[in-house]
Student: 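Sending over a structure as structure tokens; questions will come in a sec.
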Number of protein chains: 2
Amino acid sequence: MTGTEAGAPRKRRADSRRNETALLEAAAAAFVASGVNAPVRDIAARAGVGVGTIYRHFPTRADLIVAVYRHQVEACAAAGPVLLAESATPHAALASWIHLFVDFLVTKHGLAEAMRSDDAAFQTLHAYFLDRLVPVCAELLDAASTAGEIIPDMDALVLMHGVGNLCIGADNPGYDARLMVGLVIAGLRLR
Amino acid sequence: MTGTEAGAPRKRRADSRRNETALLEAAAAAFVASGVNAPVRDIAARAGVGVGTIYRHFPTRADLIVAVYRHQVEACAAAGPVLLAESATPHAALASWIHLFVDFLVTKHGLAEAMRSDDAAFQTLHAYFLDRLVPVCAELLDAASTAGEIIPDMDALVLMHGVGNLCIGADNPGYDARLMVGLVIAGLRLR
DNA sequence: TTGGAAAACGGAACCATGTTCCGTATGTTT
DNA sequence: AAACATACGGAACATGGTTCCGTTTTCCAA
């Protein structure tokens, strides 16, 4: 035997792995250039592969988006506990963390829109972001409400949805997503 | 001559007017059934006309949407001064008026999304809503800030944009647009 | 080293939607 | 009733997502 019992499942082909990273880079570039709705054919062309290859690696656009932004989402999630430990008050930590999330969203054209699309294809995106970030947000909310700084029982999922929505069209010159998010954060405070 | 000098511009054809109202009714029905993004062909079929006829009467989808919802927008605009006169405080009037606007938006699937699309075709929609409602909102904001109830210098356009955004996906069971809008309104208050 | 099975590829073909265009039909005027 | 303007319908085109299958590449094992 070769050592591994029930598997030895022939290692992934080299071209496959090559294409996957090429696609990730191409997608990242296309997203910057044309937003997360960049046409599939464009991304394929940038990566020098056929469209079929995209679908084989990333069945839905959401899978591709998640793959491209995974590190940044992880970083955001990780920042929650750190901010809570380092900030003067839980409410301050919550505010900082939300602004971090907003900064992430507003720099990705179309991501906020995609986040809230109810298209089945975006289910994965939805699920990933929410699974990863809602618990962090809930922890911050809980700390702040325990400290008596904010209204009790605020639902983290609703808050994240709302903040995401406020980031839609953030690059529109007549709009100011950060200001609106600031109002929401202020509105959470007990008076 | 026929009497009228520089015009006598031959009255509109009967079939044209018939089709316009048929189209408005069909669009209203389609919007209720499938949201404001109902396929053009569906609307045409409901109205019993060809697609060309839609484009002749309503060059962009925004024109159609505006035509369908004009009365309701007008009603909302008209309610502003009334609320201001009847409410206990300007802030209360502002809150009521915004909730009125929210109620309007959340019952029109996809309208909030369309409102903030930067697609050129939605320019008309944007312009109409904003021209009509922003001044009303500005008046309410002004009254409230003059009364010292809310932060000064809040921009009505930004607020309307934000509220519109918060209404996106309002029918999603895990979300609560009214709650989020309530937080914004609370956040406007001086403490 | 090489034969061939498995894996992955490319891109043509297909579908859904929005949009345009023009030959035809309808209404209006004289 | 004839002649003209107006409006109509829907085929044809454009765009973008998605699927499918014949071909190519890689890997394993003899």
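Throughout, a chain's letter reflects where its sequence line sits, starting with A, and its residues are numbered from 1.
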Student: Rounding to a whole Å, what distance do you find between I54(A):CD1 and dA12(C):P?
Tutor: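 Whole-Å distance recorded here is 16 Å.
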
Student: Look at the side chain of R12(B) and the base of dG27(C), then say whether one donor and one acceptor between them are separated by less than 3.5 Å.
Tutor: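 Check fails, no donor-acceptor contact within cut-off.
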
Student: Transitively linked via ILVMFWY side-chain contacts under 4.5 Å: L141(A) with L179(B)?
Tutor: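 Cluster IDs for L141(A) and L179(B) match.
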
Student: Can you tell me how far P of dT18(D) sits from OH of Y55(A), to the nearest Å?
Tutor: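 It is 4 Å, rounded to the nearest whole Å.
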
Student: Under the rule for side-chain hydrogen bond (donor to acceptor under 3.5 Å, both in side chains), what residues qualify as partners of N172(A), not counting sequence neighbours?
Tutor: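 Here no residue qualifies.
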
Student: Among L94(A), L190(A), T89(A), which residue meets the side-chain contact (heavy atoms from CB on, under 4.5 Å) test with E149(A)?
Tutor: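 Considering L94(A), L190(A), T89(A), a side-chain contact (heavy atoms from CB on, under 4.5 Å) with E149(A) is found only for T89(A).
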
Student: Tell me the interatomic distance from R56(A), atom CZ, to dT26(D), atom C1', rounded to whole angstroms.
Tutor: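 Those two atoms, CZ and C1', are 14 Å apart.
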
Student: Counting only non-hydrogen atoms, which of residues 14-31 of chain B are less than 4.0 Å from DNA chain C?
Tutor: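 Those residues are A14(B), D15(B), R18(B).
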
Student: Does dG17(D) have OP1 or OP2 sitting under 4.0 Å from an N or O in the side chain of R61(A)?
Tutor: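 Yes.
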
Student: I'd like to know if the side chain of R178(A) pairs up with that of H99(A) as donor and acceptor (distance under 3.5 Å, no hydrogens or angles considered).
Tutor: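 No - no donor-acceptor pair under 3.5 Å links their side chains.
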
Student: Closest approach to the side chain of V51(B), judged atom by atom: which nucleotide of dG17(D), dA11(D), dT25(D) is it?
Tutor: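 It is dA11(D).
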
Student: Establish, with yes or no, whether the OP1 or OP2 oxygen of dC8(D) is under 4.0 angstrom from a side-chain nitrogen or oxygen of H57(B).
Tutor: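 Yes, such a contact exists.
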
Student: Taking atom types as modelled and ignoring hydrogens, do the side chains of D63(B) and T60(B) form a donor-acceptor contact shorter than 3.5 angstrom?
Tutor: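 On atom types as modelled, these side chains qualify, holding a pair under 3.5 Å.
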
Student: Evaluate salt bridge (charged side-chain N to carboxylate O under 4.0 Å, His left out) for E20(B) paired with R12(B), printing each intermediate quantity in order.
Tutor: CA-CA 11 Å; E20(B) 183 166 320; R12(B) 218 146 121 250; 2.6 Å; yes

Student: For DNA chain C, which residues of residues 37-48 of chain B approach it to below 4.0 angstrom with any heavy atom?
Tutor: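 Heavy-atom cutoff 4.0 Å gives P39(B), V40(B), R41(B).
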
Student: Quick check on DNA chain C: between T53(A) and P59(B), whose nearest nucleotide comes earlier from the 5' end?
Tutor: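 Residue closer to the 5' terminus by nearest nucleotide: T53(A).
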
Student: Could you check how far CG of D63(A) sits from C1' of dG17(D), rounded to whole Å?
Tutor: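 Distance check: D63(A) CG to dG17(D) C1' gives 15 Å.
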
Student: So how far is it from I150(A) CD1 to I185(A) CD1, rounded to the nearest 0.5 Å?
Tutor: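 That separation rounds to 10.5 Å.
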
Student: Of the options dT25(D), dT29(C), dG9(D), whose atoms approach the side-chain atoms of V49(B) most closely?
Tutor: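 From the listed options, dG9(D) comes nearest.
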
Student: Using a 4.5 Å cut-off on heavy atoms from C-beta on, say whether the side chain of L166(A) contacts that of Y175(A).
Tutor: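 In contact.
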
Student: I'd like to check Y55(A) versus V40(A) (side-chain heavy atoms, cut-off strictly below 4.5 Å). Are they in contact?
Tutor: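 They are in side-chain contact.
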
